[in-house]
Amino acid sequence: LGQRLDQNVPRLDQNITRLDQKIDRVAVELVNTQADVREIRRTMATKDDVSRILGAIDAFVVDLKDHEGRLKALESARR
């Protein structure tokens, strides 16, 4: 039994070393992922942001159509 344990200890040590390396890699990836999520949260548009942008575009389109109507009226008056 003692001889079998002596033979298995180096193999167990290797397995523990490999597991430690894997845990280290997972921990690094977790830290990187957390940083990525924080950056995404910091820079992403909210529903309110999108609504304000769409509202501004809608207002611009209304103004543009109004301007187009006035131009057509002026062109008709010139003829």
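Values below: every heavy atom of this structure, side chains too, minus hydrogens, waters and symmetry copies. Just so it is clear, the structure is predicted and the values come from calculations on it, not from any experiment.
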Can you list everything that forms a side chain to side chain contact (heavy atoms under 4.5 Å, CB included) with Glu68? Sequence neighbours excluded, please.
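Here the qualifying residues are Lys72.
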
Rounded to the nearest 0.5 Å, what separates atom [atom1] in [X] from atom [atom2] in [Y]?
| X | Y | atom1 | atom2 | value |
| --- | --- | --- | --- | --- |
| Asp20 | Lys22 | CG | NZ | 11.5 Å |
| Asn8 | Gln3 | CG | CD | 11.0 Å |
| Ile40 | Thr33 | CD1 | OG1 | 9.5 Å |

Partners of [X] by salt bridge (charged side-chain N to carboxylate O under 4.0 Å, His left out), sequence neighbours excluded?
| X | result |
| --- | --- |
| Arg25 | none |
| Arg18 | none |
| Asp13 | none |
| Glu29 | none |

Return a table of donor-acceptor pairs under 3.5 angstrom between the side chains of residues 50-64 and protein atoms on other chains or two or more places apart.
unit_1: Ser51; atom_1: OG; unit_2: Lys47; atom_2: O; d: 3.1
unit_1: Arg52; atom_1: NH2; unit_2: Asp49; atom_2: OD1; d: 2.9

Evaluate Arg78 against Glu75 for salt bridge (charged side-chain N to carboxylate O under 4.0 Å, His left out), listing each step before the verdict.
CA-CA 5 Å; Arg78 285 185 158 178; Glu75 286 175 357; over 6 Å; no

Answer yes or no: are there more than 12 heavy-atom neighbours, outside Arg70 itself, under 6.0 Å from its atom CZ?
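Check passes, neighbour count above 12.
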
